[in-house]
Amino acid sequence: MKRVHLQETWPESWKRSYTYDLAEVFDEISHRGYAYAYQNRCRTTLRLVTDVLPTGSRVLDIAAAQGNFSLRLAELGYDVTWNDLRADLADYVRLKHEYGNISFAPGNAFEIGFPTPFDAVLITEIIEHVAHPDDFLRTIATLVRPGGYVVMTTPNGAYFRNRLPMFSECSDPSVYESVQFKPNADGHIFLLHPHEVEPLAARAGLKIDQLLLFTNPLTNGHMKMEVLLRVIPKRIVEYFEAITQHVPFWMKTKILVQMGVRFIKHKSGG
């Protein structure tokens, strides 16, 4: 991935994306918790793809923003399609593109009409911004070939600090339609709990192939631990992160912030 440098002539959307890139890919870190959590999520997302799909497979990255996952997968040898509603970001991603096969399909992914389904679709940090995650996942599944995969990351709703409503207990999700698709944590509507994922998958013609919980409060600087991250070596942070991967699953649901899921589409499904 090419290193780019801020230009005053850039559109505001590029400047905002560049601010995130400083911490996410260019190692100019001011908030260590954010950067460490992002690195965890990036590693997990890439592994959920590379563990099951050979290079050359076709991957659609939905709401891909500044395209860092798209670019990394292209560099690994995948045939990647970048997608985002913000068409102006495509040229920013092109600036960073160094090698690998990546194409651009800006717009509403549900309306573009791709000629053939993909081997995998990435939906990273999206489903928590929609009022109808069940409908969203069902529509995402139509973009994947039978036997293909959907890779999702989202905040873990069972994490002990979450105060947002549970989707499965909401009688009328339509009341949130007017506030969906807002960016960042302020736009979160429902944070899915691990036990909610399987029924959502079943209704979408998917099944869970792997579900992971990761990133503890130290790693992402929660509960004022960002101060500690300024003095603790990163290897110590990674050590504690590794330890939390060995606690019982019920405990993981309470102490780990992030969830990653790989779904597989039923071969008999449409």
Side-chain angles (χ1 to χ4, degrees), residues 38 40-65 67-84 100-105 108-110 112-130 132-157 167 192-215 245 249 256 258-270:
Y38 176 84
N40 248 9
R41 181 159 53 86
C42 182
R43 284 192 296 267
T44 300
T45 302
L46 296 181
R47 189 170 70 248
L48 286 170
V49 175
T50 59
D51 280 355
V52 292
L53 285 177
T55 56
S57 299
R58 297 173 61 249
V59 179
L60 172 64
D61 190 2
I62 291 183
N68 295 329
F69 290 3
S70 299
L71 292 170
R72 290 184 187 279
L73 285 167
E75 291 167 359
L76 288 171
Y78 292 89
D79 183 358
V80 182
T81 299
W82 173 95
N83 163 264
D84 201 281
N101 190 10
I102 183 170
S103 58
F104 296 85
N108 186 332
F110 299 156
I112 290 174
F114 296 103
T116 56
F118 292 85
D119 298 307
V121 173
L122 265 59
I123 48 170
T124 59
E125 309 303 289
I126 306 171
I127 201 166
E128 64 272 16
H129 295 272
V130 303
H132 301 279
D134 50 349
D135 293 339
F136 175 77
L137 192 59
R138 187 181 300 114
T139 308
I140 288 293
T142 66
L143 301 174
V144 182
R145 64 168 173 81
Y149 299 91
V150 174
V151 171
M152 176 182 81
T153 68
T154 187
N156 168 27
F167 173 69
L192 294 177
H193 291 231
H195 75 268
E196 295 183 290
V197 176
E198 186 172 4
L200 289 181
R203 292 200 290 272
L206 304 169
K207 67 177 180 179
I208 296 174
D209 190 48
Q210 187 171 16
L211 188 151
L212 303 171
L213 297 171
F214 54 96
T215 303
Q245 284 301 307
F249 185 77
L256 298 182
Q258 200 73 33
M259 177 163 54
V261 186
R262 182 174 61 228
F263 304 97
I264 186 169
K265 184 173 179 178
H266 295 303
K267 291 188 177 182
S268 59

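Throughout, numbering of the chain's residues begins at 1 and tracks the sequence. Both backbone and side-chain heavy atoms feed into the values below; hydrogens, waters and symmetry mates do not.
Considering CG of Asn156 and CG of Leu212, their distance stands at 12.0 Å, rounded to 0.5 Å. For the atom pair CZ of Arg72 and OG1 of Thr50, the computed distance is 13.0 Å after rounding to the nearest 0.5 Å. Once rounded to the nearest 0.5 Å, the distance linking OG1 of Thr45 with OH of Tyr38 reads 8.5 Å. With rounding to the nearest 0.5 angstrom, the CD atom of Glu125 is 6.0 Å from the OG1 atom of Thr154. The line from OG1 of Thr153 to CD1 of Ile127 is 10.5 Å long, rounded to the nearest 0.5 Å. The line from CD of Gln245 to CG of Leu256 is 6.0 Å long, rounded to the nearest 0.5 Å.
Residue-environment remark: CD (Gln210) exceeds the threshold of 12 foreign heavy atoms within 6.0 Å.
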Stepwise side-chain contact (heavy atoms from CB on, under 4.5 Å) test for Ile208 and Val197: CA-CA 8 Å; Ile208 296 174; Val197 176; 3.8 Å; yes
Residues Val59, Phe118; criterion side-chain contact (heavy atoms from CB on, under 4.5 Å); working and verdict: CA-CA 6 Å; Val59 179; Phe118 292 85; 6.0 Å; no
Val52/Asp209 under side-chain contact (heavy atoms from CB on, under 4.5 Å): CA gap, chis, key distance, verdict: CA-CA 10 Å; Val52 292; Asp209 190 48; 4.1 Å; yes
Derivation and outcome, side-chain contact (heavy atoms from CB on, under 4.5 Å), residues His129 and Phe136: CA-CA 10 Å; His129 295 272; Phe136 175 77; over 6 Å; no
Pair Ser103-Thr81, side-chain hydrogen bond (donor to acceptor under 3.5 Å, both in side chains): steps then yes or no: CA-CA 5 Å; Ser103 58; Thr81 299; 3.3 Å; yes
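With hydrogens and angles disregarded, no donor-acceptor distance shorter than 3.5 Å links the side chain of Asp134 to the backbone of Leu200. A donor-acceptor contact shorter than 3.5 Å links the side chain of Ser57 to the backbone of Pro54. Although no hydrogens or angles enter the test, the distance criterion places no donor-acceptor pair under 3.5 Å between the side chain of Glu75 and the main chain of Gly100. Side-chain atoms of Asn83 never come within 3.5 Å of backbone atoms of Asp61 as a donor-acceptor pair (strictly under, hydrogens ignored). Judged purely by atom type and a 3.5 angstrom limit, Lys207 has no side-chain atom pairing as donor or acceptor with the backbone of Ala202.
Partner of Leu122 under the side-chain contact (heavy atoms from CB on, under 4.5 Å) criterion, out of Ile62, Leu73, Leu60, Ile140: Leu73 alone.
In this structure, the side chains of Leu137 and Phe263 come closer than 4.5 Å at one or more pairs of heavy atoms. For the pair Thr55 and Leu76, the minimum side-chain heavy-atom distance is 4.5 Å or more. Two residues are said to be in side-chain contact when any heavy atoms from C-beta on lie closer than 4.5 Å; Arg41 and Gln258 meet this criterion.
The minimum heavy-atom distance between Asn101 and Ala74, with the atom names listed, is O-CB, 3.7 Å. Across Ala120 and Leu53, no two heavy atoms sit closer than the pair CB-CD1, 3.4 Å. Contact between Leu48 and Gly260 at its shortest, heavy atoms only, is CD1-C, 4.2 Å. Nearest heavy-atom pair, Val144 versus Pro117, reported as atom, atom and distance to 0.1 Å: C-CB, 3.6 Å. Shown here for Asp84 and Ala63, the closest heavy-atom pair between the two residues is OD2-C, 3.2 Å. Contact record, Met259 with Leu213: CB-CD2, 3.7 Å, taken as the closest heavy-atom pair.
Partners of Thr139 according to the side-chain contact (heavy atoms from CB on, under 4.5 Å) rule, which considers only residues two or more places apart in sequence or in another chain, are Phe110, Thr142. With sequence neighbours excluded, the residues satisfying side chain to side chain donor-acceptor pair (under 3.5 Å) with Arg43 are Asn40. Partners of Tyr78 under the ring-ring contact (aromatic ring centres under 6.0 Å, His included) rule, at least two apart in sequence or in another chain, do not exist in this structure.
Checked for salt-bridge contact, Arg58 and Asp119 miss the test: no charged N lies under 4.0 Å from a carboxylate O.
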